[in-house]
Amino acid sequence: MHKLYEYAVNAENKIKVSEETVNNVFVGTGVSDDKIISICKEVFEKSDRCLLGFDGNYCVEWKTIIPAITAAAEKEGIKVRTIHINRVFRDKDFIREYKRPNIEYDPSLGWENQDGLIQDIMDMDAVAALKNELAEFKAKKGEKELVIVYAPGACVKELIDAYDYTFYFDMTKDPIMWNLWDNTLIPFGFDEPDPNYYWKELYYVDFHLIDNQKWFMLDNMDFYVEAVNPDELTLITKKAYSTIINSVLDYPIKQVKIFMPGAWGAYRFKQLWDVPGLSNSAWNTIASPKLDMIIDIGKKQIRLPSVNLLQHGDRFVGKYWDAEVPKWWPLLVALDDGYFEDPDVPMERTAMPQHNHPSTEYVRRTFNEQFGRYETYYIVEAYENAATVMGFKDDANLDEWQEKCFKAAENKDYIPDWRNYVKVWETAPGDLFLIPPGTTHGHGGRQMVLEMDTNVNTTTCEYSFFMHDFGRNTWDDNTKTMTAKPSNIQARHGFNIDRARRESWVKDHLRARPSVIKWTPDYFIEQFSSLPEMPFHIERITFREKAEYSTEGKYLHAITLEIGQNITIRSKSDPSKETTIDFLQAANIPADFGEYELINNHEGQCRVMLIRMKKG
C-alpha cells in the first residue's frame with residue numbers, strides 16, 4: 001500500500017491583506033463555533049428558527065464537527081436539530097447503477113462523469129419535501145431552535161435558498177486519498193464506510209459530483225470553512241475568502257510538496273530533505289493541482305486546496321486555457337528520485353515500468369478526460385550508470401515484444417530479455433527528453449529526474465499504461481517492504497497508442513537541445529527544441545545575481561530552482577509581491593503576474609527550469 005508524505009518547509013505564501021480581512025478569519029474550532037453561534041443569535045433577533053446549511057467535501061469529520069457545534073449551542077440555551085442530507089439520496093442500488101457505466105466502461109479504467117451533479121443521485125421529490133419542511137420550521141414560533149442540514153449536497157441549488165446562511169466545509173485532496181486507501185471513506189448515501197467502495201467510483205464519478213458542487217458553493221456560500229483537522233477548524237466569511245484567494249493570485253504561489261514511495265523509489269531525498277517516516281521516494285510532486293497551499297496573512301495561517309485557485313482560472317492559467325478547458329490546471333512538476341548508494345543495483349529495481357501515455361484525442365475519446373499526458377524528463381543529477389529508457393532498438397522485433405508483453409501481463413511475469421527490445425540511454429545532467437504520447441519510456445534510475453508535464457485533469461488521475469514491470473512486487477508502506485501485489489498492466493491500451501519509436505528517431509527528435517533566445521551580460525534564457533504536438537515550451541534561465549522574465553499576461557509559468565540555494569521571485573511593477581524558493585522547490589507564477597525578477601540570495605550561479613504552454 002502506498003502512502004503520501006508531506007513536506008511544508010518554506011511553503012508559506014505570505015500575502016498582505018487588510019486588518020478587516022484578517023479579523024474575518026476565525027482560527028480554531030472553538031472560535032469558529034462561537035462565530036456560528038453569534039450568527040444564530042443575530043437570526044434569532046428576527047426569527048425563532050435559524051436554518052444553516054453545512055455543505056462540504058468528502059471526508060469532512062461531521063461526527064466530530066456536528067457534536068461540537070451542538071454542544072456550543074446548547075451551552076447558550078439553543079436547542080439544536082440536525083438533519084443528514086443522506087435522507088434525500090436515492091437508495092444504494094440506484095447510486096450503484098448510476099455509477100456502473102462509468103466504472104465498468106473499461107476493465108482497468110473508466111469514463112469520466114465530467115458534468116455529473118449530486119442532484120443526479122438525489123430523489124428530487126424528497127429534496128422538495130425537505131425544502132417545505134425547512135420552510136415550516138422557519139415559520140414556527142416558540143423556543144429558539146437551530147436547524148442544521150449537513151454533509152455533501154446539503155446546499156444544492158434546489159435547497160440553498162432555504163437557509164439563513166450556508167457554509168462550505170472544505171477538505172484537501174490528500175486526506176481523501178488516505179481515507180480511500182484505508183477504506184474509511186464514507187460515500188454518498190452511506191452513514192458508514194462502504195467496505196466495497198472502489199477507487200474508480202471516486203476518480204471517475206464522485207470527485208466530479210463533489211467538485212461541481214464545490215464550484216457552485218464557492219460562488220454562492222456565505223462562509224468557507226477549512227476542515228482538514230476537525231479540532232482546528234478555520235471559518236472565513238465569503239468576502240474575506242474572496243479577498244484572500246484574489247490576493248494569493250497577486251503573488252508567485254508555492255505549495256506543500258508530497259512524497260510517495262514506490263517500487264523504484266530511491267534515496268537522494270534523505271540527503272536533501274528530512275521527511276519523517278518516508279522510506280524511499282519514487283515521486284516528489286512539487287507543483288500540481290492536487291497539492292495544498294499554506295496562506296500566511298500575518299497573524300493567521302490558512303491551508304487551502306490549490307485547486308480552489310481555478311475559481312479565477314482566467315487570472316491563474318490565463319484567459320485562453322480558462323476558456324478552452326475550464327477548471328483545468330495545465331502544468332505539473334515532479335521529481336523522480338533515482339539515487340542508490342550501490343551503483344550496481346539492477347535496473348529491475350531502480351527503473352520505472354516500460355510504459356507510455358495517451359494523447360488528448362485518445363483520452364477524450366476513450367475516457368472522457370480533459371487533456372492528454374505530455375511529459376518531459378530533465379536530468380538534474382546523474383550518478384554512476386545513470387539511464388533512461390526511451391523508444392525501441394532499431395533492430396528490435398516489435399511484434400515479438402508485443403506478444404511477450406501480452407503474455408507476461410496475464411501473470412505479471414518478468415521478461416528476461418527486455419533489453420533486447422527497449423533502448424536504454426546513458427544520461428548526464430542537463431539532458432532533456434521529450435516524451436510525446438505513445439512513446440515507450442521510463443526513468444531508469446541512478447539519476448534525479450525533473451518531470452515537467454501536463455495534467456490530465458484536476459482529480460489526481462493520470463494515465464501511465466504499463467506494458468512491462470519486471471514481474472516485481474510493489475512497495476508496501478505498512479511493512480516497508482516490496483511485498484505488495486504487482487502493478488496493474490494496461491498492455492492493451494499501451495499498444496493501442498504505441499508509436500513504435502525507434503532509437504534513431506528518438507535521437508533525432510526527442511533528445512531536445514537548447515537554443516539561446518535572449519542573452520544579456522547578467523543572464524540568458526534558453527528554449528529547448530520541441531515537437532508540434534507538444535503543447536508546452538521548456539525553458540532555462542541562468543544568472544548569477546538577477547534575471548528578468550514575463551508571463552506576458554497570458555502564460556502560467558511553473559518554475560523550479562535547479563541550481564542554487566535560494567532565490568526570490570519578485571514582481572517588477574510591485575516589488576512587495578514576492579516569494580522565495582529553495583533548491584528543487586517550485587513556484588507557480590499566475591498568468592496575469594506580468595514582468596518579474598529572479599534574484600539570487602546567495603553566492604554562485606543560479607539556474608531555473610520553466611514550463612509554460614505554447615498557446616495563450
Side-chain angles (χ1 to χ4, degrees), residues 1-4 29 33 52-71 80-100 102-104 110 113 116-124 126-127 129-130 133 147-156 159 167-214 217 225-233 305 459-460 477-478:
M1 178 178 289
H2 295 309
K3 289 186 179 178
L4 301 177
T29 295
D33 289 349
L52 302 183
F54 285 5
D55 210 318
N57 213 323
Y58 257 4
C59 301
V60 171
E61 298 262 356
W62 301 112
K63 290 184 179 180
T64 300
I65 292 168
I66 296 299
I69 293 173
T70 298
V80 180
R81 184 193 303 259
T82 60
I83 300 172
H84 197 298
I85 196 61
N86 263 2
R87 64 184 270 185
V88 305
F89 278 92
R90 302 292 293 265
D91 62 54
K92 295 178 178 62
D93 288 339
F94 180 94
I95 295 173
R96 191 176 297 111
E97 184 60 24
Y98 172 82
K99 296 178 181 181
R100 186 183 59 76
N102 297 85
I103 64 177
E104 293 183 3
N113 189 25
L117 299 174
I118 293 179
Q119 291 96 315
D120 296 343
I121 55 174
M122 286 179 166
D123 180 335
M124 298 314 292
V127 170
L130 175 58
E133 184 180 340
V147 179
I148 300 173
V149 182
Y150 69 96
C155 300
V156 291
L159 284 174
F167 299 72
Y168 189 78
F169 288 71
D170 209 357
M171 177 65 67
T172 56
K173 293 286 186 185
D174 287 357
I176 297 175
M177 302 308 298
W178 298 334
N179 276 263
L180 172 69
W181 295 331
D182 292 340
N183 295 315
T184 56
L185 187 149
I186 302 175
F188 295 116
F190 283 75
D191 297 315
E192 299 293 338
D194 175 11
N196 298 314
Y197 190 76
Y198 191 31
W199 69 269
K200 285 193 196 181
E201 296 183 57
L202 179 63
Y203 277 70
Y204 288 99
V205 183
D206 290 0
F207 263 143
H208 293 294
L209 304 187
I210 285 286
D211 285 352
N212 288 335
Q213 176 63 13
K214 178 177 182 172
M217 284 302 295
V225 185
E226 184 261 278
V228 176
N229 181 347
D231 296 320
E232 289 293 333
L233 300 179
T459 61
T460 80
D477 203 53
N478 291 325

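Values below: all heavy atoms of this structure, side chains included; hydrogens, waters and symmetry mates excluded. Worth saying up front: this structure is predicted, and the values here are computed from it rather than measured.
Of the possible donor and acceptor atoms, one in the side chain of Asn212 sits under 3.5 Å from a partner among the backbone N and O of Gly116. Here the side chain of Asp55 pairs a donor or acceptor atom with the backbone of Gly153 at under 3.5 angstrom. Between the Glu226 side chain and the Thr172 main chain, no donor and acceptor come within less than 3.5 Å of each other. Here the side chain of Thr29 pairs a donor or acceptor atom with the backbone of Pro230 at under 3.5 angstrom.
Judged by distance alone, the side chains of Asn179 and Tyr58 never bring a donor and an acceptor atom under 3.5 Å apart.
Scored by the salt bridge (Lys or Arg N to Asp or Glu O under 4.0 Å) test, Glu133 finds Arg87 as partners (sequence neighbours excluded). For Ala71, there are no side chain to side chain contact (heavy atoms under 4.5 Å, CB included) partners two or more places apart in sequence or in a different chain. In terms of the side chain to side chain contact (heavy atoms under 4.5 Å, CB included) criterion, residue partners of Asp93 (sequence neighbours excluded) are, by chain and number, Asp91, Arg96. Residues forming a side-chain hydrogen bond (donor to acceptor under 3.5 Å, both in side chains) with Asn229 (at least two apart in sequence, or on another chain): none. Contacts of Tyr98 classified as side-chain hydrogen bond (donor to acceptor under 3.5 Å, both in side chains), with partners at least two apart in sequence or in another chain: Asn113, Asp120. Asp33 meets the salt bridge (Lys or Arg N to Asp or Glu O under 4.0 Å) test with no other residue; sequence neighbours excluded. For the side-chain hydrogen bond (donor to acceptor under 3.5 Å, both in side chains) test, residues two or more places apart in sequence or in another chain that qualify with Asn57 are Asp170. Looking at residues two or more places apart in sequence or on another chain, you find a side chain to side chain contact (heavy atoms under 4.5 Å, CB included) between Asp174 and Leu4, Glu6, Trp178, Ile258. For Lys200, the salt bridge (Lys or Arg N to Asp or Glu O under 4.0 Å) criterion is met by no residue, not counting sequence neighbours. Annotation: side-chain hydrogen bond (donor to acceptor under 3.5 Å, both in side chains) contacts of Glu97 (sequence neighbours excluded): Arg100. Taking Glu201 as the reference, Lys99 meet the salt bridge (Lys or Arg N to Asp or Glu O under 4.0 Å) condition, with sequence neighbours excluded.
With contacts defined as side-chain heavy-atom distances shorter than 4.5 Å, the pair Asp123/Phe94 does not qualify. Looking at heavy atoms from C-beta onward, Tyr203 lies out of side-chain contact with Tyr198 at the 4.5 angstrom threshold. With a 4.5 Å cut-off on side-chain heavy atoms, Val225 and Phe54 do not count as touching. Looking at Trp181 and Asp477, their side chains never come closer than 4.5 Å, going by heavy atoms from C-beta outward. In this structure the side chain of Phe190 reaches within 4.5 angstrom of the side chain of Lys92, judged on heavy atoms. With a 4.5 Å cut-off on side-chain heavy atoms, Leu130 and Val127 do not count as touching. A 4.5 Å side-chain heavy-atom check between Tyr150 and Leu52 finds every atom pair outside the cut-off. Put simply, the side chain of Cys59 reaches to within 4.5 Å of the side chain of Leu185, judged on heavy atoms.
Minimum interatomic distance between Phe89 and Met122 (heavy atoms only, all atoms of both residues): CZ-CE, 4.0 Å. Between Pro305 and Lys214, the shortest heavy-atom contact is CG-NZ, 3.8 Å. Residues Asp206 and Pro187 come closest through the heavy atom pair OD2-CB, 4.3 Å. The two atoms that bring Phe188 and Ile95 nearest to each other are O-CD1, 3.9 Å, heavy atoms only. The nearest pair of heavy atoms linking Gly189 to Asn86 is N-OD1, 3.4 Å. Closest non-hydrogen pair, Ala126 versus Val88, comes out as O-CG1, 3.7 Å.
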Distance-only donor-acceptor hits, side chain of residues 60-68, under 3.5 Å, sequence neighbours excluded:
from	atom 1	to	atom 2	distance (Å)
Lys63	NZ	Glu192	OE1	3.2
Lys63	NZ	Glu192	OE2	2.7

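If you take OH on Tyr204 and CG on Asn102, they are separated by 10.0 Å, rounding to the nearest 0.5 Å. Of the inter-residue distances, the one linking Leu117 atom CG with Leu209 atom CG reads 7.5 Å to the nearest 0.5 angstrom.
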